Amino acid sequence: MTQPARTRFAPSPTGYLHIGGARTALFAWLYARHTHGQFILRIEDTDRKRYVPDAVEKIIEGLRWLGLDWDEGPDVGGPYGPYIQSQRLEKYQQAADWLVEHGHAYRCYCTPDELAEMRAQQQARKEKIGYDRRCRWLSPQERAAKEAEGRSWVVRLAVPLEGQVTFHDVIRGQVTFQNAELQDAVLLKADGFPTYHLAVVVDDHDMAITHVIRGEEWISSAPLHVHLYHAFGWELPVFAHTPSILKPSGKGKISKRELTTPDGTTIPVMLHQYPGLGYLPEAMFNFLSGIGWSLDDHTEIYDKETAIKHFDLKDINPAPARFPAEKLDWMNGVYIRKLSPEALHQRLLPFLSRDLGIPQEELAKDERLKVLIPAIQERIKRLIDATPLVDYLYVDEVDLGDPLSLVPRKTTPQETVTILHAIIDELQAVAAWDEATLEQTLRALARTRGWKAGQVFAPIRQALTGKKVTPPLFPILVALGREESLRRLQRALRILQAHLEQP
RNA sequence: GCCCCCAUCGUCUAGAGGACUAGGAUGUCAGCCUUUCAAGCUGAAGACAGGGGUUCGAAUCCCCUUGGGGGCGCCA
C-alpha cells in the first residue's frame, strides 16, 4: 500500500473553474482518496488586481457539484489554516526576509517603468528577454542610498548562475533546466503580497503537502520552486504536472471564459455551465477522469469508488488531449438511462419548470408526465433535451401547422380522413385506456382495413403533438387520457376536412 | 527568438522489447429491430507523424526532423 498522500487543489479566484482546472482537481482528489490521505482546498488570492468577488464561492460550488470533498479548506477549516493566502501574509514576508538574510534572495529597487524600458531595449537588440539582475550586484552603500531615497522594493530570488536543476515528475520522469535559463523571479511584490512562487512553496511545505499536482503550465517554474525548497532546506514534494486539455479544435489549450467552436457548435468550457445544461455530475466525473487517464483497456463507465481504487498518478498520460465533447454527450446519456424513472423525474423538474413556465410543485404531481418518463429516458442525452418531448402535454391547442402534415407517406389526404374517422370510432369504443389495449386495438384496425401500421400511427402522432418526432404513441395516448386524445383527434380531422373542402 | 513538455484510429484512450493480425470507447457508415425518433444488437471503414540508429526482434529504447502544447510579468 502506498503512503497516505496530502494533495491540494489551489485555485486562484481570478475567474471561475474551467474544465482543465476541474480535471486537475479531480486527479488530486482521486490520488488523496486512493492513498487514504487528505485532500486540501487552498485559495491563492495573492493577485489583488484580478480578484473576482464571487469566484471562491463559485469554485467551491463547482467542486462540490462534481462530487469532490476536502478534508481541509477555507470553508471547513483544518489544522494548517488559514487556507486563504491573503490571510497568511506574515508567513511569506518572514520567509522572504529569511531568504534575504541568508543570501538566497535580494531586494530589487527597479520600478515597473525601468523594467519595461529594459525589456524594450533587450528586444531592440534582440537579446534574451529577462531581468538583468542589476540590483543583485548592488553594494551595501548603493542599497543604503536607494532605501534612503524611499524607493519601494520587491524581493527577488537569487538563482544560481551556473549548473542545472533536475527534478522528478511522476508523470514525466526527470526534467532538467539549465540555471542560466532561469530568472531571478520576484518572490515578494512591492505591496507586500507574495507571488505565486513564494506562496506555493511556503504553503505546500507548511501544510505538509506531499504531492504537488498542478497543470503543466507550471513545469517551467518548477525549477524555481526547487531552488526555493533547497534554499529553505526543505524536503521536496513529489511533482505531477497534469497535461492540459486543448480546445476541441486542438488549437490552444482551453482557457478561461471562452466558448470554443469545434465545427459550428459552441461548447462551454467553464464547469459551472454544465449543471444548467442538464449534465449529471456523476457523468461529468466519469468523463473528466477519462481525459488523460483510463481505468484499464476496456472499461468506460465506472463510479467514483472504482476510480479511486484504480487511480494512480503514474498512469496519467502526459500528452495534452483535446476536449472530446461528443463523448460527454454519449456518456451523459448512459447515466441518464441508468437513473430510476423516479430519479429522472426529480432531476427533470427544474428544467421543465423553467422551459414550460410551470411551477415545479405542479409538475411534480402531474401523473401525465410520470407516464412519459420511461419513454423519454432513452431519448435524451441531456436533461434540457426533455422539454420538446413533453411540451405538447401543456398546450390547449396543438399547433398543427400545415393540415397536410397529418397525411402519412404514400397516403392520400382523402384516405387520411377515412383513417382518422376510423381511429376516432375505434378509440371511442375501446374498452380500457391502457397501453396494451390501445396498441392491440389500433394494430387490429390497421390489419382489418389493410393499412400499414404507420399509416394509422402517423396521423395520431401529428394530431396529438403537432410533431413528426415524439416518444412512442401509446404512452402519449395514456398520458393525455381518452377525452383529451379524442378531442385533439377530432379537431385534427375537422381541420383537415376544412382544408380539403377549400377550392 | 530562447527554454521546457508532448506525439497510437477524426477524437478520448490501452500498450511499459517478442502475447500486436495494434485492443476498447466515441463519432461515422451499413444491417437488424421498429409507429416516428431514440435505445439496443451486428458488422464495416479507421492509427503507431517521418527518417535514422540500438537489438535476433521496436508502437515500445536513443538521435534528428516535423508537428502540437506550454513558459519566458511586481498574473496565477
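As the structure is a computational prediction, the values presented were derived from the model and not from experiment. Naming: A, B, ... by sequence-line order, numbering from 1 per chain.
Atom name C1', nucleotides U11(B) and A16(B): the rounded distance is 24 Å, in whole Å. Taking the C1' atom of each, C48(B) and G67(B) are spaced 16 Å apart, rounded to whole Å. Taking atom P on both nucleotides, G53(B) is separated from G68(B) by 27 Å, rounded to a whole Å.
Closest-nucleotide positions on RNA chain B for Lys468(A) and Gly173(A) were compared, and the one nearer the 5' end corresponds to Gly173(A). Across the interface with RNA chain B, nearest-nucleotide mapping of Phe457(A) and Ser221(A) shows Phe457(A) to be the residue nearer the 5′ end.
Side-chain nitrogen and oxygen atoms of Asn317(A) include none within less than 4.0 Å of the OP1 or OP2 phosphate oxygen of U8(B). Proximity of Arg322(A) to the phosphate of U26(B): no side-chain N or O atom is located under 4.0 Å from OP1 or OP2. The side chain of Ser244(A) places no N or O atom within less than 4.0 Å of a non-bridging phosphate oxygen (OP1 or OP2) of G69(B). Contact check, Lys314(A) against A16(B): no side-chain N or O comes under 4.0 Å of OP1 or OP2.
Using a 4.0 Å heavy-atom distance criterion, Pro112(A) is classed as a base contact. Note on Trp293(A): nothing from the nucleic acid sits closer than 4.0 angstrom, heavy atoms only.
Following rounding to the nearest Å, Lys327(A) (NZ) and G10(B) (P) show an atom-to-atom distance of 15 Å. Here the P atom of nucleotide U35(B) and the CG atom of Leu420(A) are 19 Å apart, to the nearest Å. Note: CD1 (Ile301(A)) to P (A39(B)) measures 14 Å, nearest angstrom. Summarising the geometry, the separation between CD on Gln377(A) and C1' on G40(B) is reported as 14 Å, rounded to the nearest angstrom. Taking atom NZ of residue Lys467(A) and atom C1' of nucleotide U35(B), one finds them 17 Å apart after rounding to whole Å. Distance, Ile373(A) CD1 to A38(B) P: 20 Å, rounded to whole Å.
Both cation-pi conditions hold for Arg156(A) and Tyr131(A): the charged atom is under 6.0 angstrom from the six-membered ring centre and inside a 45 degree cone around its axis.
Checking side-chain atoms of Asp45(A) against main-chain N and O of Val56(A) turns up no donor-acceptor pair under 3.5 Å. No donor-acceptor distance shorter than 3.5 angstrom exists from the side chain of Ser294(A) to the backbone of Gly290(A), with no hydrogens or angles considered.
Contact of Arg172(A) with C5(B) (side chain to base): no donor-acceptor pair of N or O atoms is detected under 3.5 Å. The base of G24(B) sits within donor-acceptor range of the side chain of Glu300(A), with an N or O pair under 3.5 Å.
Comparing atom distances between the Glu181(A) side chain and each of C3(B), G69(B), U36(B) picks out C3(B) as nearest. Which of A76(B), C3(B), U36(B) sits closest to the side chain of Asp47(A) comes down to A76(B).
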| query | salt bridge (charged side-chain N to carboxylate O under 4.0 Å, His left out) between Glu44(A) and Arg42(A): does it pass, once the steps are laid out? | reply | CA-CA 6 Å; Glu44(A) 310 216 323; Arg42(A) 183 175 71 218; 2.7 Å; yes
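Pairing for C41(B) goes to G31(B), judged as Watson-Crick or G-U wobble with the two contacts each under 3.5 Å.
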